[in-house]
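To start, the structure itself, in structure tokens.
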Amino acid sequence: MKPTKSCFSMFAAVLLLLYAIVGQAQVTAIKAGKLVEPETGTTAISQTIIVEGGKIKAIGTGLTVPAGATVIDLSNSTVLPGLFDAHAHMCQTSPPDNRDLFTVDIRQPSTYRAILGVVNARAMLESGFTTIRDVGNNGNYADTSLRRAIEEGLVPGPTMINAGRIIAPFGGQYHLQPDRRELGQPEYLFADTRDEIRKAIRENIHFGAKVIKIVVDDQQYIYSVDDIKYIVAEAGSAGLKVAAHCMTEKGARNAAEGGVASIEHGFRMSDETLQLAKQNNVVLVGTDFTEQAAGYLGLPPPVAKGFHEVFIDRLKRAFKIGVTMAYGTDVFFAVEGQTRGTLAVSFIDSFVEAGVPAKETLRIMTTNAARLLGVDKQRGALKVGQAADIIATPENPLDNIQTLKQVSFVMKNGKVFKPAK
Ligand SMILES: [Zn+2]
């Protein structure tokens, strides 16, 4: 039978009807007992959030719930924007019996790394992290594939800003031997001259990097202030920011002077360098290891304690000086009975220990990180027009920041990932 004109119009009518039903089903109303705005550190009572098309459409008291909307009752919980981890490594997991990254990395092919990424990304979302910045060590662009799969809805995970391969002076973070110099790849793009640096940045962007990560100072020879300014300009001309891994005071000083977007780790930073970072709007992503997390690295207890104390001292000084901070963890290891998400959220303990107020810690985990990642127009706050990245906790994190370890509900882009019990 030939299709007739009326057949087509009926088909169109059915499509329209389906569209209307599906469109309607996308409206969700969240009843929030308490609603926290991290930017101002304030709490509002009995709020309704209307979510449509993955975004926040309306928010306030006494809002009419649209007919047919799905209602989520969080009236006994505190509702807040999803958390951020600005220093993650999704496609890298060192097993408990081997923390030597060099051997772990060369034994794990990129295909396996992508599978690790799927597992870690799901765990991060489960713990309330709806946006992350992945700063490299992902094999041969397994992170780009993971980001793509998350964006396409193939696998659940946070919104990702990924770094691709890390750009570093020769050797990267490994100590190579001359017969096997290729073993530094594909984790790193070795770039020493200006031409090599420019090419590395372009190659990285071509293969899906959304941020440029550099290692400033893991060798005796380090990137100079001029090198870093050149990197910042070259990445910036393509719209990308630069994250700089800094282990030494000198490396951090060069990065702060060179005007990177963020200094990673920076645990040896002097007060003067912290001051310079503040002046130049450089964000500190401190990866502030708790004593327990330092122990997971396989360090003997006194060494782990000392390592942790250096972080706490720098965290206290950074807070006092007022340098902008964003939450970043650097978890790259597996621990029995824990997930990547539970490990990442445990770094809160360092902020508590350093005496950073809950209000500030929450801002570091949301508002500040969203700005650093360049997604603050879309994420990091519960406001009309923002993506519906919404989590809930049993208590108000402004009263007890530890409640973030018990995230009971997770929505990302308006889709419920972890339903409220
Ligand atoms: Zn790291």
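Order of appearance sets the numbers: ligands from 1, and atoms from 1 within every ligand.
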Less than 4.0 Å between a side-chain N and a carboxylate O, is that true for E39 and K383?
yes

Output the atom name for the N/O/S atom of H89 with the smallest distance to the Zn ion (ligand 1).
NE2

Between N120 and R340 (side chain of the first, backbone of the second, donor and acceptor by atom type, cut-off under 3.5 Å), is there such a pair?
no

Got an N, O or S from D330 under 2.8 Å of the Zn ion (ligand 1)?
yes

Decide, counting backbone as well as side-chain atoms, whether H87 has an N, O or S atom less than 2.8 Å from the Zn ion (ligand 1).
yes

Polar side-chain atom of R268 near backbone of E249 as donor-acceptor pair, under 3.5 Å:
no

Checking K241 side chain against L372 main chain: does a donor-acceptor pair fall under 3.5 Å?
yes

